[in-house]
Amino acid sequence: MQRIDAHSTHKYGDFKLRIGKPLPFGATIVPGGVNFSVYSSYATSCELLLFNKHETNPFGIIPFTNDFRIGNVFTMVVFDIDYENIEYGYRMDGPFDPGSGHRFDKTKILMDPYAKLIGGRDIFGEKPDWDDPYQHRARILYDDFDWENDHPLETPVEDLVIYEMHVRGFTKHKSSKVKYPGTFAAIREKIPYLKELKINCVELMPIHEFDEFENSRISPVTGQMLLNYWGYSNLGYFAPKAGLAATGKYGMQADELKALIKDLHKNNIEVILDVVFNHTAEGNEKGPYISYRGIDNKTYYMLTPEGYYYNFSGCGNTLNCNNPITRNMILDCLRYWATDYHIDGFRFDLASILGRNQDGAPMHSPPLLEVLAFDPILAKCKLIAEAWDAGGLYQVGSFPSWGRWAEWNGKYRDDLRKFLKGNGSSGAMSQRLQGSPDLYQWQQRGACASINFITAHDGFTLMDLVSYNGKHNEANGENNNDGGNDNDSWNCGFEGETDDPNIANLRKKQIKNAVTMLLISQGTPMILSGDEMGNTQWGNNNAYCQDNEISWLDWNMTEKNSELLNYFKKMIAFRHKHPVLRSNTHFRNYDYAGSGYPDISWHGTKAWYTDWSNNSILAFLLCGKHAKQGKVQDNYFYAAMNMHWEMHGFELPKLPVNMSWYVFANTDVAPPFDICEPGQEYLMENQNEFLVGPRSIIILIGK
Amino acid sequence: MEIKTDIQENTKIIMISGSLDGKTAPEAQEKIIPLIEPDNILVVDLSNCKYVSSAGLRLLLMIAKQVPSKNCKLFLTGLTEEVKDVMDMTGFSNFFKIYGTVKEACDMGASCT
């Protein structure tokens, strides 16, 4: 039956209209037309502009008369428009008084903050028409994707192995041999590779619409165009980036991304989105009018008492996350991605900003973080905070969590890197291996509050971590001043690429050591895409602007560094096989399963004795009878880490009778003896002692 | 856009030429839906269809969802490489039986009955 409200009640020129519904915000297809709804607390008037796709001049300008305003929401239904071929924008009038926080300009065409599709940068890197007054153009999405029986996977967080990747960089290199490089569709072609690697979660770097041409420039060093390649700068929070979809030129990016997610789910791979709610692409008072500034500047941005933009993001402005209206927009956005895109979790960039008050002060119980922690729709989504911001707030171990939020554990990264190069701390390392109870246990947060990582998009790749002492960001055109300086890296004796086989071998060993430590740590491991194939950025530790070979994965490396790839695959498979490595509760340090062994015990060159003053040697034993708090049975597990430059003998703890030690991995030896197929470990002749090579790790299984 | 139909017993060959998009999909829908009659084989030939937009694909999928209830079979043929790629990348092709030529589709249809 047809709805009785599917007919117009008003006319404006040739346009047939009806009073709209304020909810949902944005543009929604309704019987016979499209419902437009946009809010502004301070605008005095609003016009809807309708464009044919790509055209500079609108074919219709329709004012929202008083009839079409409910509270502070402007809303109308426009009938008989070809939703597929139009773009829409708004113009709003209101006070221009920066001192009071208002910057209305009725000449600017503004994008809908709730736009589900955004045109204007349909093909990544294609030069825009700078004369177009409406650069980022809201479009209308038909959101009836057929998910069939797909459902977010809800994989227990302790069982995840996260793979952080850039959609474009993953397949843009010609060696990827995919049909449409650098796109969502291309990732689908690489699912067999991800399955073989056995990661079960991809964390996609920003896929919301951004402008790769924001601050674009020619590198004075390389002469290449520098773009905002990473995309940590949102235009709109509800729209997937067209330029990351092969079908973006047809406006089908939403379907392409959904098809990817559906296919990943079919292969038991979760999808986490990296979301950037700390600032927008509008910059400071000198930046452009794209949307928020012209719609409700005072609502969306944190402003100084003089009306300037606070800059806790380091990017010119700061989203006013704890304003109740902005807060609702963020909630609407996350709910939308969880329901319409079946997203499994979110990683919040510079999340400490989400806990700042409207005047910038850190809050004790930030309402936004609390709402997200308890939201019924997001209840099964992973929530991961990058628990710091560019304004100096560092909250690793203290991010307001309500037991729900996990954190990128920056301390894990730093302590592991130091230990890896031999100047760390055994005490700190023991905490990191246990899921950082020093940071999380006192708040009753489990081991998986800790997202463990050694490398991420920010900073060196793993190969570069063992190949460079210092960053080499000259190509970024900022005199090597950008990017972090606290890398805790070591080049193994030569800065950069080398033919010296001893150095090359040591680097490979260090990479194996690093990933071994990562995957035997309690907590949730995250691997940076490409590390498994020894990807290099030639020492660039801040490749945000490099849309070229510096950032793109060279798939030839899977052959050149097949030794590393093989090691990663087996190490990941080993973690999946052994629940003793995947507890979400902290160790109790005693025997509560009646095995005669504590759940975890610490050792050194002597069994049952740890010299905590020796900061390059550490060994530990996990009792298999305590796996998952004694609920499942696993093998006994022993790891000895020798980060000293000399070989050391490790006395092995005795196993229960009828059990023997088997070697799973030894990073000191060449393939194929460096690592076994999990389950095919080989029996040790000497059950009492193991000589662990210089800068090496061994892993034994007691069975 | 233009639609021609060639009816041979219970097989209906529907040839769409031009563009199948938001502008033309409603008309295509009006013409195609009545052709879904019990126990028919529908072959939609897109070899002269240069562009199928999101709305066009949605129309085809809507048809595909309706045919089982009338015990019909639906086949698509003659997709240009671009249309086929778009259907693959957006997941639409999962819902269709796609063949290179009308003859192949008709043979397949005949062997199904």
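A, B, ... follow the sequence lines: proteins, then strands. Residue 1 opens every chain. Here the structure is a predicted model, which is why all the values come from computation and not from measurement.
Summarising the local packing, NZ of B:Lys103 is surrounded by 12 or fewer heavy atoms from other residues, nucleotides or ligands at distances under 6.0 Å. Heavy atoms from other residues, nucleotides or ligands lying under 6.0 Å from NZ of A:Lys16 number 12 at most. Heavy-atom contacts from other residues, nucleotides or ligands closer than 6.0 Å to CD of B:Glu82 number 12 or fewer. Around NZ of A:Lys179, the count of heavy atoms belonging to other residues, nucleotides or ligands within 6.0 Å exceeds 12. The neighbour count for A:Tyr142 OH, taken as heavy atoms of other residues, nucleotides or ligands under 6.0 Å away, does not exceed 12. In the displayed structure, A:Lys53 atom NZ is contacted under 6.0 Å by more than 12 heavy atoms of other residues, nucleotides or ligands. Crowding of B:Lys4 atom NZ: a count of heavy atoms from other residues, nucleotides or ligands under 6.0 Å not exceeding 12.
Contact record, B:Ser53 with A:Met252: C-SD, 4.5 Å, taken as the closest heavy-atom pair. Residues B:Val86 and A:Tyr250 approach most closely at CG2-CE1, 3.5 Å, considering heavy atoms. In plain terms, the two heavy atoms of B:Gly91 and A:Ala259 that are nearest each other are N-CB, 3.7 Å.
A:Asp255 is listed as a side-chain neighbour of B:Arg58, based on a closest heavy-atom distance under 4.5 Å. In this structure the side chain of B:Asp85 reaches within 4.5 angstrom of the side chain of A:Tyr180, judged on heavy atoms.
At a 4.5 Å heavy-atom cutoff, A:Phe184 makes no contact with chain B through either its backbone or its side chain. In this structure, the portions of A:Asp144 lying under 4.5 Å from any heavy atom of chain B include both its backbone and its side chain. If you measure heavy-atom distances from A:Lys258 to chain B, you find no contacts under 4.5 Å at all. Looking at A:Glu84, only its side chain comes within 4.5 Å of chain B, counting heavy atoms on both sides.
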Please walk me through it: do A:Leu260 and B:Met89 pass side-chain contact (heavy atoms from CB on, under 4.5 Å)?
-> CA-CA 8 Å; A:Leu260 166 64; B:Met89 290 187 287; over 6 Å; no
Start with the C-alpha distance between B:Phe95 and A:Glu148, add both sets of side-chain angles, then the distance that settles side-chain contact (heavy atoms from CB on, under 4.5 Å), and finish with yes or no.
-> CA-CA 10 Å; B:Phe95 298 96; A:Glu148 299 177 282; 3.5 Å; yes
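Using a cut-off of 4.0 Å between Lys/Arg side-chain N and Asp/Glu carboxylate O, A:Arg188 and B:Asp88 are scored as not salt-bridged.
B:Ile7 pairs by the side chain to side chain contact (heavy atoms under 4.5 Å, CB included) definition with B:Lys12, not counting sequence neighbours.
Ranking A:Thr183, A:Asp146, A:Leu257, A:Asn85 against chain B, the residue ahead of the rest is A:Asp146, based on heavy-atom pairs under 4.5 Å.
Remark: A:Phe145 CZ to B:Ser54 OG distance equals 11.5 Å, nearest 0.5 Å.
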